[in-house]
Amino acid sequence: MIDAFVLEKIESILKYCLNNHLPFFTYRLPNSDFIKIGIQKDLNLMSFQNVTDLQSKQGFVMAPFDSNDKYTSWFIREDIGFSSENINEEEIQNLNRFKNELDFKENGLCIESSESDYFSQLDEILETLKGKSLKKAILSRIQIEKNDKSLDSPSLFVQLCQYYPKAFVSFVSLPGICSWMGASPELLLKSENNKTETVALAGTLPVSSSNLSDIEWGAKEIEEQAFVSDYIETVFKDNSIDKFEKKGPFTVKAGQVAHLKTEFKIERNLSFEDKAKMITALHPTPAVCGLPKLKALDLIKAVETHDREYYAGYWGPLEANGDFALYVNLRTMKITENQLSLFVGGGITADSIPQKEWEETQHKAQTLLSVIKACKLS
Ligand SMILES: C=C(O[C@H]1C=CC=C(C(=O)O)[C@@H]1O)C(=O)O
């Protein structure tokens with residue numbers, strides 16, 4: 001539990017950054033009580049093409065779903081750092097020395113996906129799946145909530161940290177570009193102390209009781225999760241990784257839903273270049289894109305009427321020693337002055353039942369919606 005006094009200080013730092021156009025990232029790793037804030041003093045954000053360009057850098061990475069798209073992969077420097085373990089009043093006061101001028105607002109308006117559009121897009125995917133050359137594609141939609149003065153984003157971030165201790169909770173603000181906040185259950189790749197880890201997370205059912213052993217997985221969910229697991233093993237093989245530990249699949253809870261998860265661990269020192277290659281090969285996994293990857297990507301682009309932007313991209317901290325913890329940007333929303341645009345999706349296979357897929361996206365949206373509502377009421 002983080003002390004209420006510390007949480008208040010964290011909120012006030014984030015508010016200062018928002019009011020003074022300082023780019024920042026803040027996050028809380030899963031199963032941790034440690035909130036980190038990194039602030040970049042100026043607006044000269046670094047974009048990157050290849051993960052290898054980030055070697056020896058300390059900061060935060062935010063990459064879009066499709067890097068060939070018009071969305072940039074960003075790296076945010078940590079010029080000033082705060083954490084829940086060293087909130088120093090003097091350093092907070094020192095922040096007053098830094099501010100940026102910005103005379104325009106982000107204009108990233110989103111359009112909500114209608115229910116009828118969602119169902120016709122899903123039909124189109126099901127039709128393609130009949131051809132057998134595609135095994136799975138993820139269909140996503142946007143749900144919009146009004147943003148207004150009654151909602152304070154720093155306090156929403158702090159609330160999300162408290163509601164979802166097992167998620168990667170993060171909030172990034174790039175003044176004049178975009179702001180995103182989310183509570184992701186899915187690790188893309190993590191590297192720490194010469195260990196590299198990833199997970200295959202897919203298959204979704206609503207959780208009604210707290211007893212996860214009551215959940216009975218159907219063939220559709222088992223298959224769609226196995227696609228992700230198999231894909232990870234193929235990436236390992238292509239990268240000459242033949243020794244790794246594999247655990248699962250087992251059931252995990254993520255907010256109002258449960259997923260099937262397999263954990264992979266490589267206990268070997270990999271070079272930053274090798275790990276960068278693996279990030280590029282894994283992303284986007286069949287948990288957010290589909291299988292085969294390029295076929296699914298083409299279909300998603302043809303069928304979805306919105307850009308995914310940073311939804312289903314990846315984000316997370318990067319240390320100068322080459323360690324990182326990158327998560328898939330899920331259960332997430334783009335924040336603008338008037339809108340909270342929630343992005344939610346689900347894996348479609350030949351066995352998908354359209355109504356169930358729709359309901360699944362509704363359940364996933366509750367991860368953020370339930371906390372947004374609680375914050376608006378308080
Ligand atoms: C694409 C999303 O979830 C992925 C992660 C877990 C389970 C999923 C599923 O059951 O479809 C998705 O693959 C999302 O939350 O928008």
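Note that these values count all heavy atoms, side chains included, but never hydrogens, waters or copies made by symmetry. Only a predicted model underlies this, so the values are computations on that prediction, with no experimental measurement involved. Ligands are counted one by one from 1 in listed order, and the atoms in each one are counted from 1 as well.
Taking the six-membered ring where tryptophan is involved, the planes of Phe171 and Phe24 are perpendicular, since the angle between them exceeds 60° and thus also 30°. Using the six-membered ring where Trp is involved, Phe60 and Trp315 have ring planes that are perpendicular, over 60° apart on the 30 and 60° scheme. Between Phe244 and Phe264, the two ring planes are tilted [angle within 30° to 60°].
Among Asp351, Ile353, Ile348, the single residue meeting the side-chain contact (heavy atoms from CB on, under 4.5 Å) criterion with Lys220 is Asp351.
No side-chain donor-acceptor contact under 3.5 Å links Glu197 to the backbone of Lys190.
For ligand 1, the 4.0 Å heavy-atom shell contains residues Glu186, Leu201, Ala202, Gly203, Thr204, Glu224, His259, Ala287, Tyr311, Leu330, Arg331, Val344, Gly345, Gly346, Gly347, Glu360, Lys364.
For Glu233, the salt bridge (Lys or Arg N to Asp or Glu O under 4.0 Å) partners at least two apart in sequence or on another chain are Lys246.
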